[in-house]
There are 2 protein chains.
Amino acid sequence: MLTIGKLGRASGVKVPTIRYYEQIGLLPAADRSAGNQRLYTRATQERLAFIRHARDLGFPLEAIRDLLGLSDRPEQSCAEVDAIARTQLLAVEGRITRLLALKTELERMVDHCAGGTIAECRVIEVLGNHAHCSADHGRDLLTVSE
Amino acid sequence: MLTIGKLGRASGVKVPTIRYYEQIGLLPAADRSAGNQRLYTRATQERLAFIRHARDLGFPLEAIRDLLGLSDRPEQSCAEVDAIARTQLLAVEGRITRLLALKTELERMVDHCAGGTIAECRVIEVLGNHAHCSADHGRDLLTVSE
DNA sequence: GCTAATGTCTCTAGCAACTATAGGTTCAAG
DNA sequence: CTTGAACCTATAGTTGCTAGAGACATTAGC
């Protein structure tokens, strides 16, 4: 049985985050020692590794909750799992597309800055004037979970 | 003088967001009508357009606060402005790099899913086993502001 | 001039996904 | 047996908004 600190080091997840996952029900309530400290099994360590890897891949916690639920029913069809992964792939592709447009515009801004005074600064000018901007970067760039 | 709703429509920023910007000091406290409603000038409209464009480009509000402060001192050197824009460019490039790695891994996962049962599902398997994962997508993907 | 609809006001709480802090308890090493 | 690290709970803070309640202001039509 591992204490929470060891589990955290083993899995690369911070201790408060593990407690948070328990609180929101992503991890089952841990067994406790005589002194009320959490004790974890290998099974929980694997579950946490799964969560961490999925988070690294950008899956939102709700999607991970679904995936964990599905992985507990191994004889069902994996269509739902596939759909969640494809949704995440689409989200990632969308973010890449928009970020590439931002990169282009930022590069234009930075490249045109001659290093003079702020009055002549292209960066400020471009930011102040939407007409200079060709790309139509969608609003939702800022709201998509990551 | 524009009311807040008209300003919002003109600038593409939602009304509560405008009030929020005032609350955190990004916009100056607006003049008020006899009935206590906010009234805006063209100058504020331009300032808001600047903020919106910078947000579209992914600048965090703190960076925008700095940029606005700098743009009020036009005879200074634009080195700081340049630095903020370059920082943002680097952040965007970093996010693109990591997202491309994620995309590769997600595509591998999805492509290998044969559509059978969950027990044989590659998606679940890959997520559960970090050893399958080649890319070292940094943790901070999830914490960087966007 | 009156009424109804829309717009605006303040204030509070909520979202994701944690992170940080305070103040206390337990455990392992020396 | 004491010290110090690790643990506990509970609450509040982070970023950038968004949503709701309940009250006041403005405007359009009649």
Side-chain angles (χ1 to χ4, degrees), chain A residues 1-27 29-40 48 51-66 68 88 91 95 137-146, chain B residues 1-27 29-40 48 51-68 88 91 95 138-146:
Chain A
M1 299 291 254
L2 303 163
T3 57
I4 198 169
K6 272 161 199 153
L7 177 66
R9 254 162 282 136
S11 62
V13 178
K14 287 179 190 151
V15 167
T17 305
I18 297 171
R19 286 196 279 248
Y20 169 72
Y21 286 163
E22 178 181 314
Q23 190 192 308
I24 64 170
L26 262 195
L27 290 177
D31 293 336
R32 299 300 181 112
S33 72
N36 197 36
Q37 301 195 348
R38 288 173 181 83
L39 293 175
Y40 293 97
L48 186 55
I51 295 169
R52 200 224 141 151
H53 198 186
R55 286 297 295 131
D56 284 349
L57 287 168
F59 287 88
L61 289 181
E62 274 318 297
I64 296 173
R65 199 189 291 276
D66 292 345
L68 283 167
Q88 178 58 17
R95 262 174 276 159
H137 19 259
R139 278 264 81 185
D140 54 335
L141 174 66
L142 306 166
T143 61
V144 165
S145 83
E146 190 171 4
Chain B
M1 298 290 255
L2 305 162
T3 57
I4 197 168
K6 274 163 198 152
L7 178 66
R9 255 163 280 133
S11 62
V13 178
K14 287 180 190 149
V15 166
T17 304
I18 297 171
R19 287 197 278 249
Y20 168 72
Y21 286 163
E22 177 181 314
Q23 189 193 307
I24 64 169
L26 263 195
L27 290 177
D31 293 337
R32 299 299 181 113
S33 73
N36 196 37
Q37 301 196 347
R38 290 174 180 81
L39 295 175
Y40 293 97
L48 187 56
I51 294 169
R52 200 225 140 150
H53 198 185
R55 285 297 296 132
D56 283 349
L57 287 168
F59 287 89
L61 289 181
E62 275 317 298
I64 296 172
R65 197 189 292 278
D66 293 344
L67 288 170
L68 284 167
Q88 179 58 17
R95 264 174 276 158
R139 281 264 79 189
D140 55 334
L141 174 66
L142 306 165
T143 61
V144 166
S145 82
E146 189 172 8

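Reminder, nothing fancy here: chain letters follow the sequence lines and each chain counts from 1. Nothing here was measured: the structure is a model prediction, and the numbers come from that model.
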Distance check needed: [N] [atom2] versus [X] [atom1], whole Å only.
X: A/Met1; N: D/dC7; atom1: CE; atom2: C1'; answer: 16 Å
X: A/Leu7; N: D/dA6; atom1: CG; atom2: P; answer: 15 Å
X: B/Tyr20; N: D/dT15; atom1: OH; atom2: C1'; answer: 6 Å

Any A/Tyr40 side-chain heavy atom under 4.5 Å of A/Leu48 side chain: no
Close side-chain approach of A/Arg38 to A/Arg32, heavy-atom, < 4.5 Å: yes
Difference in axis direction between the ends of the helix from C/dG1-D/dC30 to C/dG30-D/dC1, five pairs, 10°: 0°
Salt bridge (charged side-chain N to carboxylate O under 4.0 Å, His left out) involving A/Arg9 - partner list, sequence neighbours excluded: none
A/Arg19: partners by salt bridge (charged side-chain N to carboxylate O under 4.0 Å, His left out), with sequence neighbours left out: none
Residue closer to the 5' end of DNA chain D, B/Glu62 versus A/Leu39 (nearest nucleotide): A/Leu39
Those residues that, when tested against A/Leu39, pass side chain to side chain contact (heavy atoms under 4.5 Å, CB included) (two or more places apart): A/Met1, A/Thr3, A/Ser33
With a 4.0 Å cutoff (strictly under), does any side-chain N or O of [X] reach OP1 or OP2 of [N]?
X: B/Arg65; N: D/dG16; answer: no
X: A/Lys14; N: C/dC18; answer: no
X: B/Arg19; N: C/dC9; answer: yes
X: A/Tyr21; N: C/dC18; answer: yes
X: B/Arg38; N: C/dC9; answer: yes

Among the nucleotides [options], which one has an atom lying closest to any side-chain atom of [X]?
X: A/Arg32; options: D/dT9, C/dC9, D/dT18; result: D/dT9
X: A/Ile4; options: D/dG16, D/dC7, C/dT8; result: D/dC7
X: B/Arg55; options: C/dA17, D/dT18, D/dC17; result: D/dC17
X: B/Thr17; options: C/dA17, C/dT8, D/dT18; result: D/dT18
X: A/Leu61; options: D/dC7, C/dC9, C/dC18; result: C/dC18

Sugar-phosphate, base or nothing in reach of A/Arg9, heavy atoms under 4.0 Å: nothing
Atom pairs under 3.5 Å: protein N/O with N/O of nucleotides 1-5 of chain D:
none

Distances for protein N or O near nucleotides 24-30 of chain C N or O, under 3.5 Å:
residue, atom, partner, partner atom, Å
C/dC27, OP1, A/Gly35, N, 3.0

